[in-house]
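Reading through the structure tokens given below for one structure.
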Amino acid sequence: MIAKNKVIDFIQNKAFNQALINTEIDPKDYTIALDGNTLQSEGKLDGYTIKDANFLRVISNIYIETYEKTQKSRDIIIFTTALQKTNNGILISGEGFLYKASDRFCIMYDAGLDRPAAYVHELGHVLGCEHSFVDIPDKWEQAKNKALSRINENNENIQAGDVDIVKYEEKISDANIKISTLKSKLELMKQSNSATAQKNIFTLNKNIETLNKNISKYKAAIANNKANNEIYKQRVLNAEKKLAELSSIKEKNPYRFFNQGTTSNFMDYSSNMNDFYKWQWMAMQEDVEKYYNKVDL
């Protein structure tokens with residue numbers, strides 16, 4: 001296995017310095033313990049192969065809970081593991097959250113541990129760089145369409161919820177009118193002491209009780225729909241934010257080529273990755289400046 005100091009030297013002196021980005025490496029090791037038996041039983045691990053599509057998110061959350069519970073840092077984190085992961089049956093070197101420094105996390109799997117350029121590739125994703133080639137299928141288009149689909153789906157849910165709210169409000173209004181009518185009849189019947197009148201009074205009271213229960217049920221349904229609508233609205237906002245991020249990434253990565261595996265660019269998939277394009281310098285510089293100049297985390 002390649003020495004850690006060689007990876008550090010490569011990152012500091014042969015990669016991001018091209019974009020005039022200074023990198024400082026925390027020398028300490030931070031360990032996250034995983035229960036392999038539990039992961040196996042949950043179907044998230046098969047031998048040494050990770051099956052959980054959200055594995056990076058899971059360990060990122062564990063890291064924050066373990067090391068940043070009281071104070072979040074601005075560090076960009078690279079996890080390393082001897083476990084492996086595949087994509088369409090092919091071992092992958094690593095993966096990183098796209099596409100901004102504030103997402104902070106990437107991971108190197110077994111296939112990438114000995115490849116310093118693979119570390120730079122994943123860090124490049126975190127700092128706002130897309131692949132230098134056109135993905136087939138186009139991942140950017142997929143992400144955009146997914147965001148648009150979420151917006152449309154949740155807007156439809158909101159509209160359906162609003163229709164149900166109106167329906168339940170009409171039912172409450174109808175029930176209140178019926179209760180008013182029944183109470184008027186009840187007052188008339190109370191003036192009679194006949195057995196029939198007493199029986200009718202009992203029936204009317206039961207009907208009023210049922211209507212009041214229905215009103216409570218309708219009000220609960222309205223409250224539930226309103227709560228769901230707030231969730232759907234937040235999802236729309238999140239999807240719109242994602243769409244804006246994707247548009248920004250598209251603007252910062254104006255060129256992609258149909259030449260996968262043939263260049264020396266760090267954001268390519270090749271055996272000779274050693275440089276960034278100028279627009280990638282600018283994309284990373286902008287992202288780093290924006291992230292480290294933020295007042296809040």
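Note that these values count all heavy atoms, side chains included, but never hydrogens, waters or copies made by symmetry.
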* Asked: Just wondering, do Asn61 and Phe105 contact through their side chains at under 4.5 Å, heavy atoms?
  -> no
* Group every Ile, Leu, Val, Met, Phe, Trp and Tyr by side-chain heavy-atom contacts under 4.5 Å, then state whether Tyr277 and Tyr269 land in the same group. => no
* Residues Lys233 and Glu230 bridged, charged N to O under 4.0 Å -> yes
* Are the side chains of Asn155 and Val236 in touch, meaning some heavy atoms are under 4.5 Å apart? -> yes
* For residues Asp287 and Val126, report the shortest heavy-atom separation together with the two atoms involved. => OD2-O, 3.5 Å
* Would Ile32 end up clustered with Ile77 when hydrophobic side chains under 4.5 Å apart are linked, directly or stepwise? -> yes
* To do: Given side-chain hydrogen bond (donor to acceptor under 3.5 Å, both in side chains), test Asp275 with Ser264 step by step and report yes or no.
  => CA-CA 6 Å; Asp275 58 57; Ser264 58; 2.4 Å; yes
* Over all heavy atoms of both residues, which pair between Ala111 and Ser93 is shortest? Give the atoms and the distance, please. => O-OG, 3.9 Å
* Asked: Is Thr210 reaching over with its side chain to a backbone N or O of Lys206, donor-acceptor style, under 3.5 angstrom?
  -> yes
* Judged by atom type as modelled, is there a donor-acceptor pair below 3.5 Å linking the side chain of Asn265 to the main-chain atoms of Ser132? -> no
* Asked: Less than 4.5 Å apart, any side-chain heavy atom of Leu83 and any of Asp110?
  -> no
* Quick one: do Leu45 and Asp52 satisfy side chain to side chain contact (heavy atoms under 4.5 Å, CB included)? Show the steps, please. => CA-CA 7 Å; Leu45 188 66; Asp52 184 1; over 6 Å; no
* Honestly curious: do Leu91 and Met108 fall in one hydrophobic cluster under the side-chain, below-4.5 Å linking rule? -> no
* To do: Decide yes or no on side chain to side chain contact (heavy atoms under 4.5 Å, CB included) for Met273 and Met267, but give the supporting numbers first.
  => CA-CA 8 Å; Met273 299 187 294; Met267 302 315 296; over 6 Å; no
* Donor-acceptor pair, side chain of Asp46 and main chain of Thr49, under 3.5 angstrom -> no
* Please check if Leu39 and Ile62 belong to a single hydrophobic cluster, counting links between Ile, Leu, Val, Met, Phe, Trp and Tyr side chain heavy atoms closer than 4.5 Å. => yes
* Asked: Do Ile172 and Lys219 come within less than 4.5 Å of each other through their side chains, counting heavy atoms only?
  -> yes
Can you give me every donor-acceptor pair (side chain of residues 15-23, partner residue at least two apart or in another chain, under 3.5 Å) with its distance?
residue: Asn17; atom: OD1; partner: Lys14; partner atom: N; Å: 3.4
residue: Asn17; atom: OD1; partner: Ala15; partner atom: N; Å: 3.0
residue: Asn17; atom: ND2; partner: Asn13; partner atom: O; Å: 2.9
residue: Gln18; atom: OE1; partner: Phe276; partner atom: N; Å: 3.0
residue: Gln18; atom: NE2; partner: Lys14; partner atom: O; Å: 3.3
residue: Gln18; atom: NE2; partner: Asn274; partner atom: O; Å: 3.0

* So do Ile76 and Leu127 actually touch side chain to side chain, heavy atoms under 4.5 Å? -> yes
* Asked: Using 4.0 Å as the upper bound for N to carboxylate O, is an ion pair formed by Glu95 and Lys85?
  -> yes
* Taking atom types as modelled, is there a side-chain donor on Gln234 or Asn238 under 3.5 Å from an acceptor on the other? -> yes
* To do: Please work out which of the three classes, parallel, tilted or perpendicular, describes the rings of Tyr63 and Tyr67, given edges at 30° and 60°.
  => tilted
* Asked: How many angstroms lie between SG in Cys129 and CG in Leu123, if you round to the nearest 0.5 Å?
  -> 10.5 Å
* To do: Report yes if some heavy atom in the side chain of Ile11 is under 4.5 Å from a heavy atom in the side chain of Val7; otherwise report no.
  => yes
* Tyr48 OH: over 12 foreign heavy atoms closer than 6.0 Å -> no
* **4.5 Å side-chain heavy-atom contact, His121 and Arg115** => no
* Asked: Is there a side-chain hydrogen bond (donor to acceptor under 3.5 Å, both in side chains) between Ser60 and Arg104 once you walk through the steps?
  -> CA-CA 9 Å; Ser60 298; Arg104 302 181 57 224; over 6 Å; no
* **Donor-acceptor contact below 3.5 Å, side chain Thr263 vs main chain Asn259** => no
* To do: For Tyr291 and Ser73, work out which heavy atoms get closest and say how close.
  => OH-O, 3.9 Å
* Please confirm whether the backbone N or O of Ile249 pairs with a side-chain atom of Asn253, one donor and one acceptor, at under 3.5 Å? => yes
* For residues Phe10 and Tyr119, establish whether the separation of their ring centroids is below 6.0 Å. => no
* Are the charged groups of Glu68 and Lys72 less than 4.0 angstrom apart, N to O? -> no
* Given the rule that I, L, V, M, F, W and Y join up when any side-chain heavy atoms are under 4.5 Å apart, are Ile107 and Leu34 in one cluster? -> yes
* Contact check, side chains of Phe133 and Arg256, non-hydrogen atoms, under 4.5 Å -> no
* Answer yes when Lys167 and Asp164 have at least one side-chain N-carboxylate O distance shorter than 4.0 Å, and no when they do not. => yes
* Structure fact -> Heavy atoms of Asn225 and Gly161 approach each other most closely as ND2-O, 3.7 Å
* To do: Taking only Lys NZ, Arg NE, NH1 and NH2, and the carboxylate oxygens of Asp or Glu, determine whether Lys183 and Glu187 approach each other closer than 4.0 Å.
  => no
* Asked: Do Lys144 and Leu243 pass the side chain to side chain contact (heavy atoms under 4.5 Å, CB included) test, and can you show the C-alpha distance, the side-chain angles, and the key distance before you say yes or no?
  -> CA-CA 6 Å; Lys144 183 189 76 171; Leu243 204 56; 3.6 Å; yes
* **Audit row: Asp9, Lys6, side chain to side chain contact (heavy atoms under 4.5 Å, CB included) steps and yes/no** => CA-CA 5 Å; Asp9 176 68; Lys6 288 189 176 181; 5.6 Å; no
* How are the rings of Phe55 and Tyr109 set to each other: parallel, tilted or perpendicular (split at 30° and 60°)? -> tilted
